[in-house]
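Order of the sequence lines fixes the chain letters, A, B, ..., with proteins taken first and strands second; residue numbering starts at 1 for each chain.
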Amino acid sequence: MTANAYTFDALCQLAQASFDAQGVRVTPEVLQATAKSLNRLALPVEEGAPQAANAQDFQAMLKRCAHV
Amino acid sequence: MYELPARMTQLQAHIRAGEVTAAQAAAAQCAKAQRLQTQFACVAEEVSVPALAEGPLQGIVLSHKDIFNLPGRMPGCGVGTGQAQSNTQAADVIDRMQHAGASQWASLVMAPYACGATSQNADFPRSANPLDERAVVGGSSSGSAVAVAAGMSYVALGTDTAGSVRIPAATCGLLGLKTTAGWVSSEGCFPLAPSLDTVGLLARYAQDAREVFQVIAPQLTHEGADQHTRSISDMRCQVWWPDNLHAELKEAIAQWLKQVEVIGHIDLTDDVEKLSRYAQCVLMFETAQTHRERLISGSAPSGVQALGMTGLGVPESWYQQAISMRPALLKKFVDRYFQASPFIVLPAFTQPVPDWCEVEPGNEQFDREQLFSLHRWMGFVNYLGLPAITLPVARDSKGRPVHVQVLARPFSEHHLLDFAQRAESIFWIH
């Protein structure tokens with residue numbers, strides 16, 4: 001699996017931007033702990049662009065996948 | 001007083017045959033549950049939810065996780081007792097149970113807001129594992145597992161967002177069924193992460209579980225299931241042996257597999273690793289949205305606070321990617337692993353069932369790896385939306401249950417119950 005390509009500083013910036021978007025102020029300790037969690041969570045780079053799928057698409061796929 | 005049989009289906013047969021009336025049966029179940037509740041501490045609150053019609057569950061009295069709206073009562077969700085509210089309607093699954101003839105005796109304790117892999121809950125006494133009082137009771141549907149294992153309820157409903165039905169079942173020697181995403185209505189059920197939340201059930205016997213499953217998912221009959229998936233009359237499965245599995249578990253499961261039709265081995269390591277990240281991303285982000293006000297005010301229980309605060313820091317673009325990739329990754333997984341056999345078998349945990357003190361943060365014996373062992377191979381199944389069942393296959397050297405997790409294609413719950421029913425003849429605990 002492809003490892004994530006984020007530096008710790010980049011993860012801190014991502015987390016800070018997310019907290020800001022939520023209107024949440026956090027301490028530097030919380031920010032760093034969140035960045036560490038994001039490092040474990042960082043999603044792999046998938047081949048090709050992600051499809052714009054939603055919950056309805058997922059339910060439809062569940063039904064398709066029921067069939068052998 | 002009428003002596004209750006071991007199986008719910010036997011009691012149903014006795015009622016149908018007129019050997020006992022529905023009222024006598026109900027009285028016997030309530031008396032038994034009442035007698036046992038102080039010993040096992042799994043009841044959040046006694047409730048009185050009556051049957052509303054005659055049906056297949058007539059005379060059956062069950063108890064369920066305290067996460068479902070009841071008529072006139074909002075659930076306590078593991079952070080207190082329920083609140084009377086006259087205009088509250090029963091959750092869809094509770095309503096279905098009532099119309100099938102079942103009544104409810106109690107709402108059962110759970111991890112706060114369904115966020116926790118153990119029964120740890122500062123607001124309630126610790127539930128005792130009926131198999132071994134030192135063993136952990138898994139969560140979050142902890143009271144459901146204890147009530148069923150103690151014989152206080154033949155079947156109990158729970159919810160499973162990242163293993164919350166399968167984990168407690170696997171610590172108490174029970175069958176734990178997680179249903180296909182979106183198939184059983186969660187209307188009237190307090191959410192954690194709605195994209196991953198599913199209603200499930202815990203039972204001692206597969207046929208008992210099937211009786212209740214047919215009530216909460218009537219659109220999927222046993223016969224109808226065969227139209228969606230191949231008719232299965234055996235236990236053909238592929239097995240995944242993770243590298244880091246405890247030797248005692250591997251030996252016990254390998255012995256059990258000798259009596260199951262294993263057609264091959266697969267390596268899920270990379271896929272599970274990747275899918276678990278997607279699952280965790282969705283879980284954290286949606287938990288943060290569900291509990292946003294509590295998180296900001298600092299009033300959320302510690303488990304919710306830990307998960308949710310990270311969720312507030314998860315970039316929305318990551319969450320959107322996880323949601324967008326879900327159908328494609330489901331198809332890829334099903335195409336890759338369910339072509340050769342209808343079932344995939346993997347261990348439920350990486351380690352034997354631990355002592356409760358080893359998996360409760362704050363305890364001096366706390367071991368993070370032991371806690372991780374309980375939920376490590378659960379969340380990816382919720383992300384994929386697949387049905388799954390945990391079932392006992394052996395006892396370990398301490399006499400605690402060893403469970404496997406069995407996965408199947410979407411809407412294959414009846415086939416999973418068939419599998420569990422056949423497994424009962426190989427090994428069963430209760």
> Is the closest side-chain donor-acceptor distance between B:T161 and B:D197 under 3.5 Å?
Replying inline: yes
>> I need the residue from B:S276, B:G182, B:C281 with the largest number of non-hydrogen atom pairs under 4.5 Å to chain A.
In response: B:C281
> Is the number of heavy atoms from other residues, nucleotides or ligands within 6.0 Å of CG (B:D243) greater than 12?
Replying inline: no
> Which region of B:T180, side chain (C-beta onward) or backbone (N, CA, C, O), has a non-hydrogen atom less than 4.5 Å from a non-hydrogen atom of chain A, or is it both or neither?
Replying inline: side chain
>> Using 30° and 60° as the class boundaries, would you call the ring planes of B:H414 and B:F213 parallel, tilted or perpendicular?
In response: perpendicular
> Just checking, any donor-acceptor pair under 3.5 angstrom between side chains of B:E316 and A:S18?
Replying inline: no
>> Counting heavy-atom pairs closer than 4.5 Å to chain A, which one of B:M284, B:M309, B:R292 comes out on top?
In response: B:R292
> Of all heavy-atom pairs between B:A420 and B:I389, which one has the smallest distance, and what is that distance?
Replying inline: CB-CD1, 4.0 Å
> For residues A:Q16 and A:D20, is any side-chain donor paired with an opposing acceptor at under 3.5 Å?
Replying inline: yes
> Residue by residue, which of residues 370-384 of chain B have a heavy atom closer than 4.5 Å to a heavy atom belonging to chain A?
Replying inline: B:Y383, B:L384
> Side chain, backbone, both or neither: which part of B:I296 has a non-hydrogen atom closer than 4.5 Å to chain A?
Replying inline: side chain
> chain A heavy atoms under 4.5 Å from B:V314: which part of the residue, side chain, backbone, both or neither?
Replying inline: both
> Taking the six-membered ring for Trp, are A:Y6 and B:W318 ring centroids under 6.0 Å apart?
Replying inline: yes
> Which atoms of A:Q22 come close to chain B, meaning under 4.5 Å heavy atom to heavy atom: side chain ones, backbone ones, both, or neither?
Replying inline: both
>> Could you tell me if the side chain of B:R236 sits less than 4.5 Å from the side chain of B:F419, heavy atoms only?
In response: no
> So does B:D271 pair up with B:K332, basic N to acidic O under 4.0 Å?
Replying inline: no
